[in-house]
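Working notes for the structure below.
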Amino acid sequence: MTLLSVENLKKYYYSGVFNKKEIRAVDGVDIEIKSGRTLGLVGGSGCGKTTVARTILRLVEPTDGSIVFDGRDITKLRGREMKNLGREMQIIFQNPETSLNPRMKIYDAILEPLTIHKLCSADEENEKIHRLIEIVNLNKELLFRYPHELSGGQLQRVVIARILSLNPKFIVADEATSMLDPLVQAQILNLMKDLQEKLGISYLFISHDMDVVEWMSDEIAVMDKGKIVDWK
Amino acid sequence: MKKLNDIRNILKEAGNNRMAAIGGAIVILLVLIAILASLLSPHDPFEQKLENRLLNPCFEYPFGTDNLGRCIFSRLIFGTRYSLAIGVVVVGITASVGTTLGIVSGYSRGIIDETLMRIVDIVLAFPGIILALVIAGILGPSFLNVVIAISLTHWPAYTRLVRGITLSLREKEFIEGARALRASNIYIMRRHILPNCINPIIVLATLDIAHAIIFATGLSFLGLGIQPPTPEWGSMLKAGIPYFRISPHLTFFPGTAIMVTVMAFNFLGDGLRDMIDPKINEIILVSE
Amino acid sequence: MSLLKIQDLKVYFNARGKTVKANNGIDLEIRENEILGLIGETGCGKSILGRAIVGLLSDNVEIRGKIVYKNEDILDLSEDRLRKIRGKDIGIILQNPSAALNPVLSVGNQISEIYRYHENMGKKEARIRTAKMLEMVGIDPKRMHEYPHQFSGGMKQRVMIAMGLALNPGLLIADEPTKGLDPTTKDKIVDLICELVINRNMSLLLITHDLGVAEKMCDRVAVMYAGEIIEIATIENILSNPQHPYTQDLLNSRPKKGLKPTAGESPSLSSPPAGCKFHPRCRCVIGECPKTHPQMIETENGTSVRCFLYEDN
Amino acid sequence: MLKYILKRIFLVFFVVIGVTIVTFSTMHFAPGDPAEVIAVARYGDDLTQEQIDWVRVTEGFDSPVYIQYLKWIKHVSRLDLGRSLVTSHDILEEITIRLPATFKLAVSSLVISLCIAIPAGIISAVRKNTIIDHLCMSAALLGVSIPNFWLGLLLIWLFSLTLHLFPSYGYGGCEHLVLPAITLGTSMAAITTRLTRSSMLDVLNQEYIVTAKAKGLDEKTIILRHALKNAMLPVITFAGLQLGFLLGGAVIVETIFAWPGIGKLLVDSIYARDFAMVQGCVLFIAVLFAFTNLIVDITYAFLDPRIRYEKT
């Protein structure tokens, strides 16, 4: 069953006040991801892979094209449904150090999605958080520390725990492990694969490292200058 | 409970930072003086005894008397109330207004940001004292008008500082992460941007109290601030000028009082700055 | 013959009251005309070792041990003598090129000042040498008057290389020269450094966490973990027959080898575990490991490793 | 860089418009009926209501606000700031007479401030946490904390009353300039010293200073060639702002020393409730300040290569 299908996705930026230059970051991209599967997206820097991810998540408004997620057309979604969409689609960023609010303790960071979507009452809180940190195997003492006291690998785990609190169906991993050390990268990638098997999450895995993408994805799309040029 | 140990370790850290400790101690002392003014002052600050005009400091009058025979020591103690009040009230207004505008304009960018920044440019186009002078001149001298005059000219400092911080925060991934969670803009500003601006604001506010006090006493010195007979340091200093040759102590003691108070806040501000984020270079730039 | 010998180097500095043992007894030798790789994860103290060699650490740092370069111990050299070595004998390419270049000076100036300062060359002559150097690292000499912000990441890295090699030093230390570069630029930089180092018969100490780069460039490799070196061997031995469990895990974590993960986190340098630093995460812990601290031992094929598994034979 | 300068020029134009609006509204919201005030000035105290109404009509005070503003702007753009309500002299003339005094005081105090602050700031940054650093910093802290009007009084008491070296007020030869310039100069030097030190420390912690050390350069060369240029950028901008501030902002010092500058004119006209003059002064000072800021921005663009050469 296809979870996400994207047709003719376009995103143009306009620069310059007088000479209107049109930059075609994403120029007609078609993507299809089946539920519980991973699509790898590879390409040099500036090929538009990050813009594709941000447009699908509607963090950036697409110029053209349609996005159908879980059977619903979400290209023009607004208001309440848009908010619910936030529970099903999530993103992991490249730099763990800046992915968490430096002033917010880890406990509150993991709890935040639940508070925003008002999904859990006060007494359930503790139990939910402990279950989440077990899944991503983080130890308990870290809960009351601040992000600057944690290592890159630990921070990325907190980000994953945070996202899992809303049990999403689809996660975009935008160069999620490219800033991590080899051993830590292996840990995180294996964690993501286990989560896929256990919870049936599908990934759009973006990276410039071909070996990692091959290990991680079922299908791979290669992008260049805003278009998909090869499909493995 | 969380809040308590945050405050405790800030105090602990303040302890070992010498400047913050000294500044903090003097400030607390001044606040006590202001509160217990009526108990501490030996004489009634308004009672005029013409026979004791222009006495030099003696046992009866520790700081001597002014041209109307009033005890300068008591008037200085009551004066603490006005200076601290102006400092705190002005900073309270300008910090809250300036910060809100700074966050809104930094976060929203686009038209709102442009217009707010142009308004800030216009207000800053007048050298600080000029606008305040004119407003006080028009509205007439009084405590409230002084507060209004200084507040109207001081809020842009916070807006610029906070906008700078918001713009740099906006680039960070955790803001986009919150947007991916579909959190509302208000929530993001309140829960993510504001907490990260608090520390620089505290530092700027402390330095700004010092600034506001100098400003207020300057206005009174020009006769446009708080009018005699209220025992405000600026007006006391101005009243002492005609008798400058024969009894300089009339101007000496109010001047020292202003200096000590302002120095205490500058000390505290510098100490906090070193403790919290030593390289907030633009705080000095913005606050001066 | 050995170019640089590091004997029992200890680098401690205190951060927030705790002493951080960044280098905890390092013994390392760099031979002439050799590319030695220093591999380790973030926070294992490898960059600090690189900077300690040329004395670039800040002054509130406590350094003990010896760094012998051409029978002179760098650690107790006078400031002037140390400056001479830094300019002429040991070049260093610092980690983050976009922060390591002065934004208000032109790229040409930042290179020609080395010639004018150390060999008090005239302005014109220095400019010619700079142009030659830029050409050698693949930058169009006409761009000499441009400023760092007008160069891309890869180009800035080339400027750093040109700066490090300006006075033709005997030893070059390159700290993460390929970090943050996309794959194509990374390969170009690797080839450039290899070519320059080899045909100028210099030695290179390559500091990196990227195994792929080390594989392509190094003759010998030293693996560092939590402030100390745990294995030194030729690149072939490291790849084909890694001895220390950590080196094995490091190699298995590569995508080619199936990204096999190792549990746990690398320890903090301010409170490292007792005994062998790797024992909390090690697959083959034996009785001795958590208690006593293992010493480096020579094993048969010239590899030296710090692990009790190889104690007896 | 051209784009940067054009943007700045457009912004200054915008700010000047805003300034005119603010200054006009100060006149408009001033208490009392402007027509009556002018009538009094023209016909003396015992005047009839018709005279006031006559003035209101002729001066156009009865028309809606924006028309009054437009009329006023027309005059201002032709450099006619109107007449003083009290002395009915031409306002612009009054201001231009006083300009040299303000300019002399501004430049001399800025020179004093920079000559003290820049060396002090640099030395205390380079020799951090030594005696000289603590000395400079406490002096700077004292300078920032002393209100300049009290400092002025102290200097008068010391130098003119007791030592009789300099006149305590008035305008004339350069001996009159000494005390006001020192008062203003030292209090500004305090602020600039703190800024220079903080900016220098910021630069000395940058990575490119480590690169300079790695090239084997000695400390003096590193400071002069690498650190100074970067550290001075914010200081020069700040000095430019201070100059703009001084061309009108030295109100208090001018008042103490009876220095016939624009600031003093403004204060006197506030006392005399001569709101036309107040408006003229404020407008002149603000526009002057806006243009000095523009010049500061443009010089900054030349000094900082990151703006001079946008990314190719």
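Reminder, nothing fancy here: chain letters follow the sequence lines and each chain counts from 1. Computed over heavy atoms, backbone and side chain alike; hydrogens, waters and symmetry mates excluded.
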Heavy-atom count around [X] [atom1] within 6.0 Å, excluding the residue itself: above 12?
X: D:Leu6; atom1: CG; value: yes
X: D:Ile132; atom1: CD1; value: no
X: D:Phe14; atom1: CZ; value: no
X: D:Arg127; atom1: CZ; value: no
X: D:Phe291; atom1: CZ; value: no

Residues of [range] contacting chain D, heavy-atom criterion under 4.5 Å, by residue number:
range: residues 160-172 of chain C; value: C:Met160, C:Met163
range: residues 90-105 of chain C; value: C:Ile92, C:Leu94, C:Ala99, C:Ala100, C:Leu101, C:Asn102, C:Pro103, C:Val104, C:Leu105
range: residues 117-140 of chain C; value: C:Tyr117, C:His118

field: Part of C:Asp80 within contact of chain D (heavy atom distance under 4.5 Å)
entry: neither
message: Does any backbone or side-chain atom of C:Glu79 lie under 4.5 Å from a heavy atom of chain D? Answer side chain, backbone, both or neither.
response: neither
Members of residues 207-226 of chain D whose heavy atoms come closer than 4.5 Å to chain C: D:Glu207, D:Tyr208, D:Val210, D:Thr211, D:Lys213, D:Ala214, D:Lys215, D:Gly216, D:Leu217, D:Asp218, D:Thr221, D:Arg225, D:His226
